[in-house]
Number of protein chains: 2
Amino acid sequence: MDVTGNELLQVFEALANPHRLRIVASLREKRKYVSELAREIKMSRPLLYMHLQRLETAGLVIGKLELSDDGKAMKYFELAEFDYRITPEFITEAVRTLHDKAAEGTEAPHTKEEN
Amino acid sequence: MDVTGNELLQVFEALANPHRLRIVASLREKRKYVSELAREIKMSRPLLYMHLQRLETAGLVIGKLELSDDGKAMKYFELAEFDYRITPEFITEAVRTLHDKAAEGTEAPHTKEEN
DNA sequence: TACACCTGTAATAATATTATTACAGGTGTT
DNA sequence: AACACCTGTAATAATATTATTACAGGTGTA
């Protein structure tokens, strides 16, 4: 296994939204910059921005800030290559490394879990 | 493909919660009835009940109301056998049948989508 | 300078999800 | 009857997510 429970949870949270599923589908065509994609799917840029960040945090898309030929800053997003096989076994395994996010910074330093 | 976009969305929504992931992991041992599982994972029964319903709606667990030997009604939940391979391709395909839930009952009867 | 494009973010409102509490009703046993 | 178990659900509170609006700042071109 190479994904922790919390990482897997973030993936599910990222995919548990119709807009974000559509964003993934759209980015499969080609990479796009934020304003471009916002026009395409008729969504306000700040909102799309938030959705893209959620996808990026989950590792499903990758954002890169580039400078276009005419000097404008363009934030391009492209799909990451992901491939999760969701089965009861897989989830059970991941749950072993699923910890309370609330306590994340609060808990005492421990003997390194599964790094 | 044998899952619609909205069905897939429900699966993701169901799995986008740490409790529900733990429930799935726990049910992998064996089927359990609600009160039993509630004690095990230290969760109030009404709350667990709600989580189980979300999992059931998504098709990830199956609930069966049975009568125990001593006549008590017992609601057993067991894992469904699911196996989703989550890739950009899969999501893109599913998005083709992803519709606004808000309009679900509002829209005019159409020429049968992909049944 | 004004305009048409871009990014990034903060404050707020609207909605949805999660969680609690309190019920009502059903067994069989003491 | 009182008790110890079960299921099912409604009303409400607490939180988290989603969405909007309004900014500030950066390009190059007319």
Side-chain angles (χ1 to χ4, degrees), chain A residues 6 9-24 31-58 60-78 98 100-104, chain B residues 6 9-24 31-58 60-78 98 100-104:
Chain A
N6 292 78
L9 178 58
Q10 277 199 316
V11 169
F12 288 139
E13 287 173 342
L15 294 176
N17 178 284
H19 294 314
R20 292 196 287 268
L21 290 182
R22 290 206 169 87
I23 289 169
V24 167
R31 70 176 202 154
K32 288 163 189 173
Y33 60 91
V34 183
S35 292
E36 178 187 12
L37 182 54
R39 280 190 296 268
E40 179 187 313
I41 64 181
K42 292 153 174 28
M43 178 180 289
S44 77
R45 194 177 49 83
L47 181 55
L48 172 60
Y49 198 86
M50 179 272 275
H51 283 307
L52 283 168
Q53 293 209 85
R54 267 171 111 54
L55 286 167
E56 186 174 34
T57 300
L60 302 176
V61 304
I62 300 159
K64 287 172 186 165
L65 185 62
E66 298 183 9
L67 247 51
S68 67
D69 295 341
D70 60 331
K72 276 200 286 261
M74 315 283 272
K75 179 93 174 202
Y76 278 96
F77 278 90
E78 65 181 317
L98 178 62
D100 263 29
K101 58 192 164 195
E104 277 307 78
Chain B
N6 292 79
L9 178 58
Q10 277 199 316
V11 168
F12 287 140
E13 286 172 343
L15 295 175
N17 178 286
H19 294 313
R20 292 195 288 266
L21 290 182
R22 289 206 169 88
I23 290 169
V24 167
R31 71 178 201 152
K32 288 163 188 170
Y33 61 90
V34 182
S35 293
E36 178 187 13
L37 183 54
R39 279 190 298 267
E40 180 189 313
I41 65 180
K42 293 154 176 21
M43 176 180 291
S44 76
R45 193 177 50 82
L47 182 54
L48 171 60
Y49 199 87
M50 179 271 276
H51 283 307
L52 283 169
Q53 294 210 84
R54 268 170 110 54
L55 287 167
E56 187 174 34
T57 300
L60 302 176
V61 305
I62 299 160
K64 287 173 187 166
L65 185 62
E66 297 183 12
L67 245 51
S68 68
D69 294 339
D70 61 331
K72 275 200 287 262
M74 315 284 273
K75 179 93 174 203
Y76 279 97
F77 278 91
E78 65 181 316
L98 178 62
D100 263 30
K101 59 192 165 197
E104 278 307 77

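Reminder, nothing fancy here: chain letters follow the sequence lines and each chain counts from 1.
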Between atom [atom1] in [X] and atom [atom2] in [N], what is the gap in whole Å?
X     : N      : atom1 : atom2 : result
B:L47 : C:dT21 : CG    : C1'   : 12 Å
B:L55 : C:dT17 : CG    : C1'   : 14 Å
A:R54 : D:dT17 : CZ    : P     : 5 Å
B:L67 : D:dC6  : CG    : C1'   : 10 Å
B:Y49 : D:dC6  : OH    : C1'   : 12 Å
B:D70 : C:dG26 : CG    : P     : 17 Å
B:E36 : D:dT7  : CD    : C1'   : 15 Å
B:L37 : D:dG8  : CG    : P     : 14 Å

Next on the checklist: Let me spell it out: for each of A:R45 and A:K72, pick the nucleotide of DNA chain C with the closest heavy atom. Which residue's pick is nearer the 5' end?
Outcome noted: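 Its nearest nucleotide being more 5', the pick is A:K72.
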Next on the checklist: Both atom distances under 3.5 Å, Watson-Crick or G-U wobble: I'd like the secondary structure of DNA chain D as a dot-bracket string, with | for pairs made across strands.
Outcome noted: ||||||||||||||||||||||||||||||
Checklist entry - When the nearest nucleotide of DNA chain D is assigned to A:M50 and to A:A73 on a heavy-atom basis, which residue is associated with the more 5' position? => result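 With A:M50 and A:A73 compared, the 5'-side residue is A:M50.
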Checklist entry - With respect to the side chain of A:S44, which nucleotide from D:dA10, D:dT7, D:dT21 is positioned closest? => result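 Ranking D:dA10, D:dT7, D:dT21 by closest atom to the A:S44 side chain puts D:dT21 first.
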Checklist entry - Of the nucleotides C:dT9, D:dT7, C:dT7, which has the atom closest to the A:V34 side chain? => result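 My answer, after comparing the listed nucleotides, is C:dT7.
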Checklist entry - Would A:M50 and A:L47 satisfy side-chain contact (heavy atoms from CB on, under 4.5 Å), going step by step from the backbone distance to the final call? => result CA-CA 5 Å; A:M50 179 272 275; A:L47 181 55; 3.7 Å; yes
[X] vs [N]: side-chain N/O to OP1/OP2 distance below 4.0 Å:
X     : N      : result
B:R39 : D:dC6  : yes
B:Y33 : D:dC6  : yes
A:H51 : D:dT17 : no
A:S35 : C:dT7  : yes
B:N17 : C:dT18 : yes

Item to check | Pair B:L21-A:F12, side-chain contact (heavy atoms from CB on, under 4.5 Å): steps then yes or no | outcome: CA-CA 10 Å; B:L21 290 182; A:F12 288 139; 4.0 Å; yes
Checklist entry - Within the structure shown, what part of the strands sits under 4.0 Å from A:L65 by heavy-atom distance: base, sugar-phosphate, or nothing? => result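 Result for A:L65 = sugar-phosphate.
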What I'd like to find out is whether the side chain of [X] reaches to under 4.5 Å of the side chain of [Y], using heavy atoms alone.
X     : Y     : answer
B:Q10 : B:T57 : yes
B:E36 : B:M74 : no
A:I23 : A:L48 : yes

Next on the checklist: Go through it in stages, so that I can follow the logic: the residues are B:E13 and B:L9, the test is side-chain contact (heavy atoms from CB on, under 4.5 Å), and I'd like the CA-CA distance, side-chain angles, deciding distance and then a yes or no.
Outcome noted: CA-CA 6 Å; B:E13 286 172 343; B:L9 178 58; 3.8 Å; yes
Checklist entry - So, the side chain of A:R22 versus the backbone of B:L98: is there a donor-acceptor pair under 3.5 Å, distance only? => result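 Yes, the answer is positive, given that a donor and an acceptor are paired below the 3.5 Å cut-off.
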Checklist entry - Should the pair B:Y76 and B:Y33 be assigned to parallel (<30°), tilted (30 to 60°) or perpendicular (>60°) ring geometry? => result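 Because their plane-to-plane angle is over 60°, the rings of B:Y76 and B:Y33 count as perpendicular.
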